[in-house]
Structure formats: structure tokens, C-alpha cells
Number of protein chains: 2
Amino acid sequence: MPGQPRTETAQRILDVAEKLVQTRGFNGFSYADIAETMGVTRASLHYHFPGKGDLGLALVARYRSRFDLECAAIRRRNGEAPRHLQDYIDLYHQVALDGRVCLCGMLAAEGPTLPPGMQEELRRFFDANEFWLASVLQSGRDAGLFAFPEAPLERARVLLALLEGALLLARTFGDAGRFSAVSGRALADLEA
Amino acid sequence: MPGQPRTETAQRILDVAEKLVQTRGFNGFSYADIAETMGVTRASLHYHFPGKGDLGLALVARYRSRFDLECAAIRRRNGEAPRHLQDYIDLYHQVALDGRVCLCGMLAAEGPTLPPGMQEELRRFFDANEFWLASVLQSGRDAGLFAFPEAPLERARVLLALLEGALLLARTFGDAGRFSAVSGRALADLEA
DNA sequence: GTCTATAGGTGGATAGAC
DNA sequence: GTCTATCCACCTATAGAC
């Protein structure tokens, strides 16, 4: 389980850094920001994450593995595909309510400026999401609950782009309701 | 026509800065980057745009007014709503082909870190886009060429989120084809 | 593990000569 | 308008004491 066996302090650093990246971007925060909110010095942070690149990699890796776990948990729960998809969308909704955007959506924007390795992790995150979504869409269509003409993976990419974009716009207008409205339409479009 | 009556040098500065923001973000480039590609010094840039905030505001204002002009031109052209919508999507496609993302999509991610005034300009950009899209959607539905159940403005927001998100994802995978695939589905969904 | 201290670099910005 | 020179704040990162 990568991203888990770190020390407790390292986890708390990641918690603070994650929030900072989701609101200000990877190029929009510094070790000083983390140090201040944690009440420690910058040097102390470098002990846990020598370079900002190390911190960034750990950040995406943890975010990704957590998402994987949550997605797996959703599929194990009772209910059909539409319920599972709604639960998935609710994960994003929580982010919107908190005035953040998806960690990986943010990093995708900063793309070419990121330290080595982060873009690869990013792609893995999106790949995993698309794959999971495609699986849910497939199940739903097989059960006659979803209706869409194209391949599940293609539809998954539409959904992912829509959710990431909706988070960005909702935050820009300081209105999580915009996210709900848009994501609600996406689900409705799929109904058989 | 705001954003136009500047000197020619200022326009060239904006050209370079625009490309930099669309690839690296507002927090991901510096006056030094512009100076280098233009073959001038940083001090010279400060003559045209005293602060980075001034540059940023001019950037969004120009981008917005240019988009307004292009949107108006599209509506004046021959063809029905679906054609107009496709032309609009093609504007985004050009961005994707160039390995960029939408200037305002990028700035939306950086949101709270932007200099004063830029977020307001950003919202104006998105508002104008939604309004234009809603108008095209309305026309198309009135003509029996589009079919969608919700209010045109609501559908417009779905489309805008989808396009902005698709640009982000296409660039992350270095594959403009992802943008075409996603935007193509969006258009197909609307067909009556 | 966390601290103080500091190095080395880059950022935005200004003054003043040309 | 563009230049040189310079300032100061901030950033990432390291050394070494505790």
C-alpha cells in the first residue's frame, strides 16, 4: 500500500500540503506555508521530504491510492451502477463544498512546470479513474440502467473531463451548486 | 474595444505572456521568461506593465474581448446552430493542438493566488461564454436540431465545464485527439 | 526529529543614465 | 523606450547544534 507506511508527522505534512495544493497550486505554496500552519520550521519539513519534488510525488501517490481505495469501496457497497456513479460524484462534490479543486486537476494545469515524475503519477491517476468509470458504465449498460452509444472508456473520459472542469468553474464562482447542477446533468444524460 | 489601443510592443509582450500562462500558469512564469524570448530586459517590460498584476489584467481582458469577437463572428456566418457550436469547439481544438489549455481555465485553477481584479475578469469571461453558448443552444432547439431537457444556460455550463476539463486532460496526455473525442461526444449528445 | 543559521538563487520592482 | 544597476523579499535547500 504505497503512500501509507510513512511516519505520522509525514502524514500531517501531506495533509497540510494537500490542502494548499488544492487551493493554491503546486507553484502557489511554499515550505514556509506548511511550516507556519504546523508550527514548525522549514528545515524540519526538509527532514521528512528533502525536496519539493519528493513532497509532490508523495502527495499524488497518496491521493491516488486513497482514491483507489474509495472507488473499490464504492463498488463493494450495495446498489446498482447508477448508485455507484453517484457515490463517485459525491467524492468530487465534497471537494467542491470545501472550496477546493481536485488535486490532480490542479496539477494537470501546472503540468510542464512540475518536478520530474509527477506528470507520470498524474496520468496514472486519470487512467485509474477512467478505468473505474468505464467499468461502472459497462455494468450499468449491461443491466439496462444506462444508455449510451459509444465505448464505455470513451464515455468515462467525457465524465472525467466534465467533473474536473466543473470543479474549476464552481470554485471560480464560489458556488458548489454549480458543480451539483452540472454533475447532475451528466448523470441524467446516462439514464436509459 | 478594451485591450486593443495599446502600443505594438505591449501587444507583443502580451502575445508572449499569453503563451507562457497557457502552458506554465500565471505563477509559473516570470518577467525574465518574457524578456528572454523577446530579447529585451526585465526593466523594459515594467515600463509597459508596471506590475505583474497589470500584465495579468491586460491578458485576461484581451483574451476575453478577442473571444467575444470570434464568437460574434461565428454567429454571423452561414449555417445553423450545430455548425456554430462546432466552430466554437474548434476554437478550443486549436488550443489543444498547440499543447496549451484555455487561458482562463488555467487561471481558474490558480484562482485565489491571482492579483486583485483578475478573478472578476475571469468570471466575466465564463459568463460571456455561457451566455453565448446558451443562445446557440436555444436557437438549435427552437429549430429542432438540438434536443435537451434542461434550460439552455444549464446545458451551456455542462458544455463549458466539459471543454475546459477536456483541454486539461488532453494536454496531460499530450494527445489532442482526446479533446476531439470528448468534444465530439458532447455535440452528439445534443443531436435531436 | 527539530532547531538556528545561512547559503545561493530567483522573484518582482525601482532609480536613473542614455 | 530601453538600458544598467540595484534593492529587497521570498524560495529551496543544507550544515550542524541540540
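All heavy atoms count here, side chains included; hydrogens, waters and symmetry mates do not.
- Of the candidate nucleotides C:dG1, D:dA13, C:dC3, C:dC3 has the atom nearest to the side chain of A:S44.
- Residue-to-nucleotide proximity on DNA chain C shows that, of B:P50 and A:T9, the 5′-proximal contact is made by A:T9.
- Of the candidates C:dG11, C:dC3, C:dG1, C:dG11 carries the atom nearest the B:A32 side chain, counting heavy atoms from C-beta on.
- Side-chain atoms of B:R75 and B:S135, non-hydrogen and from C-beta on, do get closer than 4.5 Å to each other.
- No close placement of the A:W132 and A:F67 rings is indicated, their centers lying 6.0 Å or farther apart.
- Proximity note for A:Y47 (side chain, C-beta onward) versus D:dT2, D:dA5, C:dT2: the nearest is C:dT2.
- Of the two residues near DNA chain D, B:T41 and A:D33, the one whose nearest nucleotide lies more 5' is B:T41.
- The CD-P distance, from A:E36 to D:dC11, rounds to 10 Å in whole Å.
- Ion pairing between B:D15 and B:R62 holds under the 4.0 Å rule for side-chain N and carboxylate O.
- In the set C:dT2, D:dG1, D:dT12, D:dT12 carries the atom at the smallest distance from any side-chain atom of A:S30.
- Here the P atom of nucleotide D:dC11 and the CG atom of A:L45 are 13 Å apart, to the nearest Å.
- Comparing D:dT12, C:dG12, D:dT2 against the side chain of A:R42 picks out D:dT12 as the nearest.
- When heavy atoms are screened at a 4.0 angstrom cut-off, B:Y31 is found touching the sugar-phosphate backbone but no base atom.
- Residue contacts for A:F29: at a heavy-atom cut-off of 4.0 Å it reaches the sugar-phosphate backbone alone, with no base atom in range.
- Going from atom CD of B:E130 over to atom CD of B:E154 covers 11.0 Å, rounded to the nearest 0.5 Å.
- If you take CG of A:L55 and C1' of D:dC11, they are 14 Å apart, rounded to a whole angstrom.
- Taking every side-chain heavy atom of B:H46 into account, C:dA13 is the closest of D:dT2, D:dA13, C:dA13.
- A salt bridge does not link A:D68 to A:R124: none of the charged nitrogens lies less than 4.0 Å from a carboxylate oxygen.
- A straight line from CG of B:N27 to C1' of C:dG12 spans 13 Å, rounded to a whole angstrom.
- Atom-to-atom, CG of A:L20 to P of D:dT12 comes out at 11 Å; the value is rounded to the nearest Å.
- Atom P of nucleotide C:dT14 and atom CZ of B:F49 are separated by 15 Å, given to the nearest angstrom.
- Of the candidate nucleotides C:dT2, C:dA13, D:dT4, D:dT4 has the atom lying nearest to any side-chain atom of B:A43.
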